[in-house]
**Q** 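Mind looking over this structure? Questions follow.
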Amino acid sequence: MLLPARRIMLMIASLTAFAAQAQVTPEQMQLLGTNCLQCHAMPHTGAPLLGDTKAWQARLQKGREQLLINSIEGIGGMPPMGYCSSCTKEDMQALIDFMLGDAGEDSDAQ
């Protein structure tokens, strides 16, 4: 079994090509790896996992704006800004859109 940090680094490496298509900057990919994936790549945290379309669709029913608000203010076990003190509101939105992946494709009108 891979150590969590190694698992995250491998996940980031495999997402690099996809990130270019999703309009996530290299800086935002760094934020993803150092902040978001600490929970969104670890099943035991209860956070919706990156790539888990079903889990993200359930949250997306609240609407994209509510997802952003929850991410900024914190919700449940997620702390405000997901501990990303260097993230801007725009970073948060880009990272949310990236993590939504396929779950967000059918809900662009929300």
Side-chain angles (χ1 to χ4, degrees):
M1 185 167 161
L2 295 174
L3 297 173
R6 178 125 169 95
R7 179 184 299 161
I8 290 170
M9 293 307 293
L10 289 172
M11 185 177 283
I12 290 171
S14 68
L15 293 172
T16 302
F18 179 72
Q21 293 176 322
Q23 299 178 335
V24 176
T25 68
E27 293 80 12
Q28 289 168 336
M29 280 300 289
Q30 181 69 30
L31 294 171
L32 177 83
T34 57
N35 296 284
C36 308
L37 294 183
Q38 298 301 314
C39 295
H40 293 283
M42 304 295 166
H44 68 278
T45 65
L49 299 177
L50 183 66
D52 185 346
T53 304
K54 187 175 180 178
W56 283 107
Q57 284 174 336
R59 285 157 177 86
L60 190 54
Q61 291 177 0
K62 298 175 185 177
R64 288 179 184 276
E65 184 64 26
Q66 190 61 50
L67 280 176
L68 180 61
I69 291 168
N70 291 347
S71 297
I72 291 171
E73 295 178 358
I75 186 170
M78 182 178 175
M81 300 297 287
Y83 291 129
C84 186
S85 61
S86 61
C87 285
T88 65
K89 181 178 178 179
E90 292 75 22
D91 290 332
M92 294 298 283
Q93 188 63 66
L95 293 168
I96 290 167
D97 290 343
F98 181 81
M99 287 194 288
L100 283 172
D102 292 340
E105 287 183 6
D106 295 331
S107 60
D108 286 333
Q110 290 188 19

**Q** Using 0.5 Å steps for rounding, measure from the CD atom of Q61 to the CZ atom of R59.
**A**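 Taking CD in Q61 and CZ in R59, the distance rounds to 10.5 Å.
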**Q** Please, which pairs that meet ring pair (Phe, Tyr, Trp, His ring centres under 6.0 Å) have at least one residue in residues 58-82, sequence neighbours excluded?
**A**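 Sorted pair list comes back empty.
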**Q** Could you list all the ring pair (Phe, Tyr, Trp, His ring centres under 6.0 Å) pairs where at least one residue sits in residues 63-95, not counting sequence neighbours?
**A**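 Every pair satisfying ring pair (Phe, Tyr, Trp, His ring centres under 6.0 Å) with a residue in residues 63-95: there are none.
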**Q** Could you pull out all residues at least two apart from L31 that satisfy side-chain contact (heavy atoms from CB on, under 4.5 Å)?
**A**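 Testing L31 for side-chain contact (heavy atoms from CB on, under 4.5 Å), a comparison that skips the adjacent residues, returns N35, C84, S86, C87, D91, L95.
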**Q** Looking at residues at least two apart in the chain, or sitting in another chain, which of them share a side-chain contact (heavy atoms from CB on, under 4.5 Å) with A58?
**A**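 side-chain contact (heavy atoms from CB on, under 4.5 Å) check on A58 returns nothing, list empty.
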**Q** In Å and rounded to the nearest 0.5 Å, what is the CG to NE2 distance from L32 to H40?
**A**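 Those atoms lie 9.0 Å apart.
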**Q** Not counting sequence neighbours, which residues clear disulfide (SG to SG under 2.5 Å) with C39? List them please.
**A**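 Once residues adjacent in sequence are excluded, C39 has no partner under the disulfide (SG to SG under 2.5 Å) criterion.
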**Q** State plainly whether one hydrophobic cluster holds both L50 and W56, where clusters connect Ile, Leu, Val, Met, Phe, Trp and Tyr through side-chain heavy atoms under 4.5 angstrom apart.
**A**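 As far as the 4.5 Å side-chain criterion goes, W56 and L50 are connected within one cluster.
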**Q** Indicate the atoms forming the closest heavy-atom contact of G33 with Q38, along with that distance.
**A**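 Minimum heavy-atom contact is O-NE2, 3.2 Å.
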**Q** Name each donor-acceptor pair under 3.5 Å that joins a side chain in residues 68-80 to protein atoms two or more places apart or in another chain, with its distance.
**A**
unit_1 : atom_1 : unit_2 : atom_2 : d
N70    : OD1    : Q66    : NE2    : 2.8
N70    : ND2    : Q66    : O      : 3.4
S71    : OG     : L67    : O      : 2.9

**Q** Closest heavy-atom contact between M81 and M92?
**A**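 Distance-wise, the nearest heavy atoms are CE-CG, 3.6 Å.
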**Q** Kindly indicate whether the side chain of R64, heavy atoms from C-beta on, has any atom under 4.5 Å from the side chain of D97.
**A**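 Of all side-chain heavy-atom pairs linking D97 with R64, at least one is under 4.5 Å.
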